[in-house]
Structures are given as C-alpha cells and as structure tokens.
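Reckoned from all heavy atoms, side chains included, excluding hydrogens, waters and symmetry mates. By convention in this document, chain letters (A, B, ...) are assigned in the order of the sequence lines, proteins followed by strands, and residues within each chain are numbered from 1.
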Amino acid sequence: MSEQSFIQAGHRHRRGHFLESVASGFIQAMDHERDAEAIAAGRGFLQRLDPRFKLAALLALIISVVLATTLAALAALFLLAVALALASHVTLGRLLKQVWIGVLLFTGVIALPSIVLVPGDPVYEIPLLHWTVTLQGLRSAAFLVGRAETAATFALLLILTTPWPHVLKALRAIRVPVVAVAVLGMTYRYIFVLMQTALNMFEARRARLVGKMTTAERRRIISGSAGALLGKAVALSNEVYLAMLSRGYHGEVYLLDDFRSGPRDWAVLAMAFAVPGIILWAQR
Amino acid sequence: MSEAAFELSGVSYAYQTVSALDSLGLSIRTGERVALLGANGSGKSTLLRLMDALYFCDRGTVKAFGEPLTEKGMQDEAVNLAFRRRVGFVFQNPDVQLFNPTVFDELAFGPLQLGWDKDRIRARVNETLAAFGITHLKDRAPHRLSGGEKKRVALASVLILDPEVLLLDEPTTALDPESQSAMIQFLVECRNTGRTVVTATHDLDIVDVIADRALVLAQGAVVAEGTPSEILRDADLLRRTHLTHSHWHRHGDGEAHAHHHLHR
C-alpha cells in the first residue's frame with residue numbers, strides 16, 4: 001500500500017481524527033492537481049485549441065454571460081458550457097463537485113433573500129413566517145446563481161483543459177504584465193513545495209501522537225504549524241531569489257512561448273466572439 | 001601556473017551576530033577542481049555564495065578573474081551579466097533552483113536573462129535536454145520530478161550557459177545511488193573539460209575522484225589544504241574537523257566497540 005493510500009485508508013477508518021483529516025486535505029489538494037493535469041493532457045475539443053485562442057474565446061463567453069439579460073440566453077450559454085465540457089472529456093460529476101455545488105451554496109446564500117425581498121407577483125407564501133416569494137424575486141435569484149454557475153463553469157473549463165504553464169503564457173499573449181504572470185507561476189510552483197512541507201510536518205506530529213487531542217491542543221498545533229510554515233516560506237523565498245540572481249535575473253522576467261495556431265483556432269475564436277454580439281442583438 | 005579564477009583574502013562574513021567566515025583566504029586556479037570539505041556550519045555554503053556574488057563580505061576582498069567582486073560593481077548590468085555568464089552555481093536544494101513552470105522553461109531562464117536570440121535558446125535548450133537525457137521531462141512541472149531528476153535539471157539549467165566556473169553545494173546529498181553515481185560521473189568528466197569546479201561536500205568517499213585539491217574548512221576558516229589523498233590520510237585532522245565519526249561494530253565474537261574511521 002502506498003503512503004498516500006495508507007493515509008487515505010486511515011482517514012476513512014478513523015473519521016474525525018484531526019491530524020489525519022488535515023493530512024488527507026493536503027493529499028486531496030495534490031490529487032486534484034494531478035487529475036487536472038491528466039485532463040489537460042487529453043485529446044478533447046478544448047485541449048486541442050491553441051491556449052491563447054482558448055483563453056480569449058472563453059473570456060468572450062464569460063462576457064456573454066454578463067451581457068445576458070434573459071433566462072433563455074443564460075440557459076443557452078449554460079448548455080454551451082456543458083456541451084464544451086462533455087466534448088473535452090470533463091464529466092458532469094466533476095463539474096458538480098468542483099463548481100456547481102460550491103457556487104450554488106455561495107451565491108445561493110446571497111441570492112436567497114431576494115426571493116422574498118424583491119416586490120412583484122406573489123407565487124408562494126412561506127408558512128409560519130408569512131413571507132411572500134415573488135416571481136420577480138425568483139427571476140432575480142435565478143439570474144445571480146445562473147450567471148455565477150455559467151461563468152465559473154467556463155473558467156474551470158479553461159483551467160482543466162489547459163496545462164498551467166500554457167495558461168500563464170496565454171495570459172502574456174493578452175498583455176497581462178509579465179511580473180504578474182511570473183508571480184502567478186511561482187506561487188503555483190511553490191504551493192506544492194509548501195504543501196508537501198506542511199504534510200510532512202503533520203505526518204511527523206501524527207507519528208508521535210498517542211490518544212486524542214483537546215480543542216486547545218489542536219489550536220496550538222495549527223497556530224504553531226502555521227508559524228513554522230511561514231518561517232520556512234520566507235527562508236525559501238530568499239533562497240529562490242538568490243537562485244534567480246545567480247542565473248542572471250536583474251529585475252526583468254522574460255518568457256519563451258511556442259504556440260502554433262491553425263484555422264480551427266481562428267474559427268473557434270470567431271464563433272466565441274460572435275456570441276456576445278448575437279446575445280445583444282437577440283435582446284434588443 | 002594558470003591564472004587565478006578566485007582569490008580571497010582576509011574574508012569575513014557574519015549573519016547578523018553569528019560569524020560564518022573569519023579572515024578566510026584562498027586561491028583557486030583556472031581549470032582546477034577543488035573540494036571544500038567541512039562539517040555542517042563550517043562555512044562552505046557561505047563561501048560559495050560569496051564566490052557567486054550573492055553575498056558580499058563584511059571584511060576582506062573576493063576577486064573573480066582578477067577583478068574585485070563588490071555589491072556596487074555587480075549593480076552594473078553589463079558586469080553582472082558577464083559574471084553570470086562565466087560562473088554557474090548549483091544549489092544544495094534543487095527546489096529553490098527550479099522556479100519555472102516547466103523543465104523547458106527552467107533551462108531557457110538563464111539564456112533569456114542574458115538576452116540570447118530566441119531561436120538560439122530553443123536549439124540550445126533542446127541540445128542540453130538531450131545531453132542530460134532529460135528530453136522526456138521537458139514539459140513536466142518541477143514538483144512532479146524525483147529528487148534525482150530535479151538535481152539533473154538544476155545542473156542542466158546552469159550548464160546550458162556553459163560557464164567557465166561551476167560551484168556546487170553538496171551535489172550528492174539526498175540522491176539515490178544511481179543519481180549519485182551519475183553526478184559523480186559528471187564531476188569526474190569535468191577533469192577533461194578545462195572547467196573550474198568547486199564542490200562543497202562532506203562526503204569523503206567521493207573527494208579523491210572529483211577533486212585535484214581539497215580545502216578543509218572549520219569555524220569559517222581554511223584549516224588545511226592539500227591533495228585529496230593527503231587530506232584523507234590525516235585521521236587526526238578529519239577527527240578534529242568532525243569529518244569522521246565513531247562507528248559501532250563487532251569483530252567476530254568480540255565485544256561491540258566504536259572508533260573513528262572513514263567509510264571507504
């Protein structure tokens with residue numbers, strides 16, 4: 001049994017064990033990244049597009065979501081997002097877990113009051129509270145949730161179907177400042193080093209632990225570990241800076257990109273750019 | 001006698017109040033392979049960083065290729081780039097050195113900083129990947145590599161500039177036997193390239209194959225120098241500088257006992 005599956009198995013058998021659940025959280029985060037990498041390496045529809053064109057096309061679709069003022073247009077865009085996901089071998093289960101449930105919970109909380117606060121035609125009265133749900137309120141909540149779900153689905157499709165280094169280079173292609181791109185790249189790079197360090201720290205603690213911890217002890221471990229990790233992160237950043245200096249860094253970051261676009265990329269971009277126009281025309 | 005690649009005299013350096021180097025002096029000739037030996041905390045890594053102009057000494061002088069290395073001098077972009085072109089540094093922890101999204105980008109980083117033509121960079125990166133047998137890793141993210149692969153990529157990312165001087169900090173630490181052997185093989189082959197190689201290590205097993213001369217550091221100063229075999233024969237020196245340790249073992253049916261010795 002691998003180290004990873006051992007921890008996961010332990011987590012299943014001893015649900016609620018504090019250190020195991022923290023360690024398991026780190027491993028799940030690393031697993032997510034590995035899965036995303038596998039999807040990005042696939043041969044689906046979006047994976048085969050030039051990342052620069054894909055980024056621009058998906059941005060155009062996200063702008064279309066913002067421009068949509070009818071539920072029908074929003075529903076059409078949502079169906080388009082689902083179709084693109086399926087054509088790119090991204091399963092609905094993954095979208096449900098990684099976007100839809102989370103976004104629904106987050107925006108649902110924000111949107112919920114509007115169903116009774118927005119005045120309009122009554123649809124239903126909540127028993128005991130005697131609050132009236134209105135049609136306009138429901139439409140308003142549906143717009144908020146629908147826009148957030150659809151835009152987040154397009155954004156996740158970009159991340160899932162594009163290797164992270166290509167996302168960074170595509171950002172450069174749309175003139176995002178090179179420093180911002182370099183910072184994003186290094187943040188992503190060192191998240192995994194620090195996550196592995198944190199995992200090792202929790203594993204070392206777990207190996208020396210007998211019995212159950214009180215809440216106060218858990219708090220102490222979390223705060224102590226956060227402090228130690230911050231110290232390690234600062235030391236690591238100093239070392240990385242020295243390593244950059246050593247190889248000629250003098251305040252400017254340069255990147256090399258090797259993208260090749262073809263007719264298919266241009267066609268997809270043209271179609272994606274047409275969508276906001278069609279929506280504006282249809283909503284006249 | 002060939003010219004000095006590095007000359008240090010009266011060099012002192014302290015991390016706030018903790019002294020790391022104390023009036024250290026040494027000279028390294030062009031094309032020489034030198035091993036810096038010393039226990040943890042003896043000042044080896046600090047010395048390499050001073051030689052790579054990442055740190056600057058509090059007292060004394062550090063000269064590279066006959067010119068003093070000063071903070072002010074290195075602020076001149078042309079001087080800085082010329083020096084970086086000539087001196088490469090492989091850090092002990094490859095994770096600090098691999099800060100790019102992919103292995104390909106990692107190798108391209110140095111040439112891009114030096115302003116090479118992009119087509120030349122692409123060709124040179126592909127050549128270097130092939131020379132190190134890591135072409136299959138070129139699109140991989142550094143955090144997906146094994147320890148041995150990371151070290152090879154770190155070395156390749158420095159050697160792509162073909163520096164005249166190579167500084168290595170504990171190059172064989174934490175490597176599996178196969179990766180360790182490949183690294184030693186590389187250091188042995190450096191003898192024929194004319195490159196100056198300075199290796200900080202406390203692995204005495206490899207000193208006589210990777211170096212022509214050894215310097216022993218203790219408490220921030222050079223306490224001995226000579227050929228590797230001269231240094232390795234001086235058991236008292238090695239014991240005083242904590243480079244050997246007592247080892248418990250048993251001869252036949254006798255009592256278990258400990259004494260200092262080299263693992264050779």
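Interface remark: of the candidates Leu98(B), Asn93(B), Leu114(B), Leu98(B) forms the most heavy-atom pairs closer than 4.5 Å to chain A. Ranked by non-hydrogen atom pairs under 4.5 Å with chain A, the options Phe83(B), Phe109(B), Phe89(B) are led by Phe109(B). Interface summary for chain A: among Asp105(B), Leu81(B), Asp95(B), Thr102(B), the most heavy-atom pairs under 4.5 angstrom belong to Asp95(B).
Residues of residues 237-245 of chain A lying within less than 4.5 angstrom of chain B, judged on heavy atoms, are Glu239(A), Val240(A), Leu242(A), Ala243(A), Met244(A), Leu245(A) in numerical order. Residues of residues 129-153 of chain B that come within less than 4.5 angstrom of chain A, heavy atom to heavy atom, are Pro142(B), His143(B), Arg144(B) in numerical order. Of residues 39-60 of chain B, those residues lying under 4.5 Å from chain A by any heavy-atom pair are Arg49(B), Asp52(B), Leu54(B), Tyr55(B).
Scanning for ring-ring contact (aromatic ring centres under 6.0 Å, His included) contacts around Phe6(B) gives an empty result, with sequence neighbours left out.
Both the backbone and the side chain of Tyr249(A) come within contact range of chain B, judged by heavy atoms closer than 4.5 Å. For Phe99(B), the parts sitting under 4.5 Å from any heavy atom of chain A are the backbone and the side chain alike. Contact of Gln97(B) with chain A is made through backbone and side chain together, with heavy-atom distances under 4.5 Å.
The distance from atom CD of Gln113(B) to atom CZ of Arg247(A), rounded to the nearest 0.5 Å, is 9.0 Å.
With hydrogens and angles ignored, the 3.5 Å screen pairs no side-chain donor or acceptor of Tyr188(A) with any backbone N or O of Pro101(B).
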